[in-house]
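Note that ligands are numbered from 1 as they come in the structure, with each ligand's atoms numbered from 1 the same way.
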Amino acid sequence: GKVNMDEFAMGSTSESSYFGATKNPWALDRVPGGSSGGSAAVIAADLAPFATGTDTGGSIRQPASFCGLTGLKPTYGRVSRFGMIAYASSLDQGGPMARSAEDCAYLMNVMAGHDAKDSTSMEKSVDDYVANLDNTTLNGLRIGIPKQYFNVDGLSNDVKVRVEESLKKLEELGAILVEIDLNMTEAYVPTYYLIAPAEASSNLSRYDGVRYGYRCDEPKDILDLYKRSRSEGFGAEVQRRILIGTYALSAGYYDAYYVKAQKVRRLIQQDFLKAFESVDVVAPPAAPTTAYKIGADLTPVEMYLGDIYTIAVNLAGLPAINAPVGFDQDQLPVGLQLIGNYWSESQLLSIVHQYQQHTDFHTQRAAIAEENV
Ligand code: GLN
């Protein structure tokens, strides 16, 4: 089946869809997150046991967090992107969304691996994710808690408390919590919001109304054709990003913005690699808040700041998983994110699987889903 999402995967609420907003099954006045909001909503409403999503800056993990699901963003290159519409090609990665880590493992067994049709998919042996579900020993597992991540402006207290409780639970199961530094945190949003729009403006240039994409009615001349096809064919958020990206790539600004962002991107990756010298996984929330109200009308910058916990993972190409870990005072799901080193999908799924053997957050259903059973 086909589900709703933000136009061209740009957004965090699924409201920027051509087809209108999607409702969060946990509270019908809330968004399901985005951009893979429809995927998350159908699972949370019990209309489907699993779905796929693409994650360029959090679009699997954040909707999974908002809808109380498990969602895995694999290492860049683990899953083929053949057939996907490219958003930001150096960040895009597909992955599974489901109720449990176990279900995600079954999906990964089918999805992971090399595909000659996607030159970025790696020729690297694939784990048996299902067979490995119990293989990571929690006893002595070192979980890094980035100090900077828990001092972010706008982190809701309920989210902080639920995440801390989940970390305590993992500690009870044998893990060791280690405070770490990830010093580049402030650079995440500006870096991502230069690189992603730059790549998007290039990818979307094929929608010219001539060879590809929507074409306006009765163009007067070639300029009118381009102008109207691209302004009628793209929504406001997509146009905003094309403008930002084209600006960042234009002669005279390229070095100041795009090249600089690429250098900062490398520093962000190095920050993580340094962390993985002393810990096995890093554990931030998936999002600073629970699901927003539909129509909350966040400014673009407010919305972009909500991506603070997810986008660095894509900039570094790392795998990360969201696990449901409880509810806020409005009974909206809260998510814990675990970020692993390259190719550690088995480990991430195994940690969450064992957590899920000792908790029941992933088995809880929204009231509307009970009606669908
Ligand atoms: N919210 C982020 C954005 O708007 C991430 C989207 C994604 O992963 N597709 O770009």
Test side-chain contact (heavy atoms from CB on, under 4.5 Å), reference I145, set I180, L167, V163, output is L167
The protein heavy atom nearest to atom 2 (C) of ligand 1 is D307 OD2, 3.2 Å
I'd like to know whether ligand 1 has G11 as a neighbour, heavy-atom separation below 4.0 Å. yes
To which protein heavy atom is atom 6 (C) of ligand 1 closest, and what is the distance rounded to 0.1 Å? S59 OG, 2.8 Å
What distance do S350 atom OG and Q354 atom CD have between them, rounded to the nearest 0.5 Å? 4.0 Å
Under 4.0 Å from any heavy atom of T56, which atoms of ligand 1 are there? 7 (C), 8 (O), 9 (N)
So that I know where these two stand, are F276 and Y342 an aromatic pair - ring centroids less than 6.0 Å apart? no
Would you check the N or O atoms of M303, main chain and side chain alike, for any that come under 3.5 Å of an N or O of ligand 1? no
Please identify which atoms of ligand 1 are closer than 4.0 Å to at least one heavy atom of A9. 6 (C), 7 (C), 9 (N)
Just distances here: any N/O of G34 and N/O of ligand 1 closer than 3.5 Å? no
Please check whether R241 reaches ligand 1 - meaning an N/O of the residue sits under 3.5 Å from an N/O of the ligand, judged on distance alone. yes
For ligand 1, does Y304 get within less than 4.0 Å through its side chain, its backbone, both, or neither, judged by non-hydrogen atoms? neither
Protein contact of atom 5 (C) of ligand 1 - nearest heavy atom, named by residue and atom, plus distance: Y192 OH, 3.5 Å
Within the structure, is a non-hydrogen atom of Y193 found at a distance of less than 4.0 Å from ligand 1? yes
I want to know whether Y292 and F66 have ring centres closer than 6.0 Å. yes
